[in-house]
Structures are given as structure tokens and as C-alpha cells.
Amino acid sequence: MKTQILQAPDGVAQIVEALNAGEPVALPTETVYGLAADALSPEACAKIFEAKTRPLYDPLIVHLPSLDWLPRLTSPTPTALALAEKFWPGPLTMVLPRQDIVPDIVTAGQETVAVRMSAHPLFAEVAQHFGKPLAAPSANRFGRISPTNAAHVLSELDARIPFILDGGPCAHGIESTIVHVSKDGLRILREGPITRDDLRAFAPLLESDISISAPGGLKSHYAPRTPLVLEKLPTPRSEKTALLAFNSPREGFAETEILSPKSDLREAAANLYGAMRRLDEAGLDLIVAEEIPEAGIGAAIMERLRKAAAR
Ligand code: TXA
Ligand code: MG
């Protein structure tokens with residue numbers, strides 16, 4: 001199979017046609033690129049797992065074309081409705097009790113389903129034309145760095161999917177916040193662009209417990225192939241050490257990527273995965289990543305870096 005990168009607006013019709021034929025296609029979202037397929041078709045969803053080499057125990061996020069799908073796929077609590085009202089479309093994924101219509105392959109057999117609505121205009125356009133929910137995990141091979149532009153998707157999934165819809169670079173650059181919503185409160189399963197402070201106003205934030213932690217929340221994830229270590233004051237180990245810096249360079253590194261020269265955490269998040277990929281491709285022995293402030297979206301960046309460092 002040859003993978004084609006399509007441009008909007010012309011490519012949209014071809015993308016919708018492929019989805020109707022049960023094929024998975026890569027689409028831009030405001031967080032990272034997703035590999036989307038018909039969420040109500042177990043066969044179409046199976047092709048997502050196959051293309052990503054993703055284990056079947058790791059459930060998929062379902063993206064809704066419109067809010068009226070929320071009660072069709074889940075049992076939303078009043079808090080869930082309030083969160084949807086405030087943050088959708090946008091980078092918040094809610095884990096809620098599922099309805100029977102959701103295929104088991106999507107939820108990995110769990111009684112909950114993860115749902116969100118993407119704010120990316122091209123994703124929204126495709127979803128509306130398709131008219132049904134789209135299951136869409138990040139468009140990378142399992143365990144690898146999420147793609148934040150069409151070229152990244154091609155390097156991950158070339159010859160494994162028919163189409164990539166090019167929507168340029170992703171605005172946030174890291175995956176959505178995942179929150180488990182229950183009557184007693186909210187449990188953050190993955191940090192992201194919607195922060196703890198954003199969520200606290202809606203319900204008490206509870207400690208996550210293992211039984212509901214994201215199955216994809218494996219300790220090692222988002223990993224470059226080059227070993228990565230996380231340090232407060234990075235130092236080079238050899239001539240073949242790369243630096244992933246927050247705001248400024250340091251002496252003695254073979255390659256350097258700076259996430260945000262002006263120390264802007266949102267800019268750092270948007271640049272994170274592209275910078276990790278470039279350093280990974282430099283063919284060095286080690287990447288030393290500098291710790292960054294854990295305020296706001298900084299917590300989500302540090303969560304990604306810790307996972308990239310865990311082996
Ligand atoms: O920003 C995003 O969320 C991107 C874009 C494409 O929407 N999607 C994304 O999907 O990051 P993925 O599959 O790479 O990560 C989804 C995570 C996985 O770790 C999975 O285990 C978790 O969500 N998840 C899915 N369903 C769940 C459920 N019912 N309960 C707990 N965790 C769940
Ligand atoms: Mg992923």
C-alpha cells in the first residue's frame with residue numbers, strides 16, 4: 001500500500017470515502033495527529049491496532065462529531081456535561097461509563113469509554129461529513145513519539161495506511177488531558193493542555209488509583225530510540241550527547257534543541273515531540289533533557305519526559 005498525503009479542501013472527500021470503506025486514515029487534531037477509523041465498526045478499529053502494532057489491551061479514544069453523541073455512547077454525569085460545555089471542542093478526554101453500542105475492541109473490554117471532541121477545523125469537518133464517531137489514537141507506532149505534523153505520521157506509518165490529511169503543525173503538540181469522571185470527583189489519568197487548575201473548579205480532584213489508570217499509561221512511552229535521561233543541570237557524557245533544553249543552550253553538546261527561548265511553556269509543549277524526533281534522528285548516544293518548571297502545562301511536559309526517560 002502506498003501512503004498518500006492529501007491537502008484540504010480537495011482531500012476531505014477522499015478521506016471520508018476511505019472512512020466509509022472501513023479504512024483507517026491519519027487526521028490532524030489540535031493536540032497531535034490521530035489515526036482515525038469508524039468507532040462503531042470493530043473491523044475498522046482492528047485495522048488501527050494493526051497499523052500501529054498496538055496491543056489490544058490498550059483502549060482507543062472516541063472522537064464525537066457533535067455533542068448529541070455523548071449520551072449515545074456514555075452515561076454522562078452532570079459534571080461531565082459541565083466539562084463538555086466548558087472545554088469542548090478541545091483537548092479534554094473524559095472517561096465515562098459506556099453504552100452497549102461501543103464495540104469491545106474500542107474499550108479493550110472495559111466498562112468505560114474515553115471520549116472527546118476535537119477543535120481542529122479539518123478534523124471537525126471530516127467528522128461531520130462522516131457523521132459518526134471516530135476512534136483515533138495518536139498516529140504513531142505503539143510506544144513511540146506522537147506525530148505533530150504530516151511528515152512525522154509518514155515516518156511512523158508509511159505503507160501501513162492509505163491517506164494522511166495534512167493540517168500543518170498541531171497547535172498544542174502534546175496529547176489531550178485524560179480525566180476519569182465519577183460521582184465523587186475527577187481523576188487525572190494523563191496530564192495535558194487542560195490543567196489541574198482548569199479542572200479543580202468543576203469537582204474535587206482525587207488521587208488516581210491503579211484500577212482505573214489509563215492502560216496506555218505504561219511507565220515507558222513516548223520514547224525516542226536514543227536513550228534519554230532527565231536532569232536539572234544537564235551535562236554532556238561524551239562528544240555524542242544531545243541536549244533537549246528548556247530555554248537556552250549549554251556548553252559541550254553535539255546537538256541542541258531549545259523548546260522555548262522565551263520560556264513559554266505552551267510553546268515548549270508545541271515543540272516537544274518535533275525536537276525529540278530531530279535529536280533522535282541525529283544518531284547520537286544519549287539525549288539529556290533538562291527539567292522544566294511543573295507549573296500549568298509544564299506538568300504535562302514533565303510527565304512525557306519522565307516516560308521517555310523510563311526504560
Ligand atoms: O490528544 C489525544 O488524546 C490524541 C488525539 C489523536 O486525539 N489521542 C491520543 O490517543 O493520545 P492514544 O490512544 O494515543 O492515547 C489514549 C490513551 C491511552 O493511554 C489509553 O490507554 C487511554 O487513553 N484510554 C482509552 N480509553 C480508556 C479508558 N476507557 N479508561 C482509561 N484510559 C483509557
Ligand atoms: Mg498515543
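Small disclaimer: the values here were computed from a predicted structure and weren't measured. Counting from 1, the numbers follow the sequence of the chain as shown. Just so you know, ligand 1 is whichever comes first in the structure, and atom 1 is the first atom listed for that ligand.
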Using heavy-atom distances only, which candidate in L96, V32, T29 approaches atom 4 (C) of ligand 1 most closely? V32
The atoms of ligand 1 lying under 4.0 Å from a heavy atom of S176, numbered in the order shown, are 1 (O), 2 (C), 3 (O)
Considering only NZ, NE, NH1 and NH2 on the basic side and carboxylate oxygens on the acidic side, decide whether K52 and D58 come within less than 4.0 Å. no
Given L27, T31, T112, which has its nearest heavy atom closest to atom 29 (N) of ligand 1? T112
Residue-ligand contact A136/ligand 1, heavy atom below 4.0 Å: yes
Q110: numbered ligand 1 atoms lying under 4.0 Å from its heavy atoms: 28 (C), 29 (N), 30 (N)
Closest non-hydrogen atoms of P91 and R116, given as atom of the first, atom of the second and distance, are CA-NH1, 3.8 Å
Ion pair E191/R196, N-O distance below 4.0 Å: yes
L259 and L272 have their tightest heavy-atom pair at CD2-CA, 3.7 Å
Is it true that H180 lies under 4.0 Å from ligand 1, counting heavy atoms only? no
Report, in ascending order of atom number, the atoms of ligand 1 lying under 4.0 Å from any heavy atom of G34. 6 (C)
Under 4.0 Å from a heavy atom of L189: which atoms of ligand 1 are those, numbered in the order shown and with their elements? 31 (C)
Would K52 count as being in polar contact with ligand 1, using the rule that some N or O on each side must be under 3.5 angstrom apart? no
Same cluster or not: are V95 and L83 linked, directly or through other Ile, Leu, Val, Met, Phe, Trp or Tyr residues, by side-chain heavy atoms under 4.5 angstrom apart? no
How does R54 reach ligand 1, by side chain, by backbone, by both or by neither, if only non-hydrogen atoms under 4.0 Å count? side chain
State, to 0.1 Å, how close N149 and Y33 come at their nearest heavy-atom pair, and which atoms those are. CA-CE1, 3.4 Å
Can an N, O or S atom be found in S138 less than 2.8 Å away from the Mg ion (ligand 2)? yes
Please report whether ligand 1 has a polar contact with S138, defined as an N or O pair separated by less than 3.5 Å (distance criterion only). yes
Are I188 and L305 connected, step by step, through hydrophobic side chains (Ile, Leu, Val, Met, Phe, Trp, Tyr) whose heavy atoms are closer than 4.5 Å? no
Identify the two heavy atoms, one from P234 and one from R250, that lie closest to each other, and give their separation to 0.1 Å. CD-NE, 3.4 Å
Against ligand 1, does R116 come closer than 4.0 Å with any heavy atom? yes
Check the pair V126 / V12 against side chain to side chain contact (heavy atoms under 4.5 Å, CB included), numbers first and verdict last. CA-CA 6 Å; V126 167; V12 171; 4.2 Å; yes
Check each atom of ligand 1 against the heavy atoms of H63 and keep those under 4.0 Å away; list them by number with element. 5 (C), 7 (O)
Would V113 end up clustered with L81 when hydrophobic side chains under 4.5 Å apart are linked, directly or stepwise? yes
Could you work out, for atom 16 (C) of ligand 1, the closest of D58, I61, V106 by heavy-atom distance? I61
Quick check: Y33 and ligand 1, any N/O pair under 3.5 Å apart? no
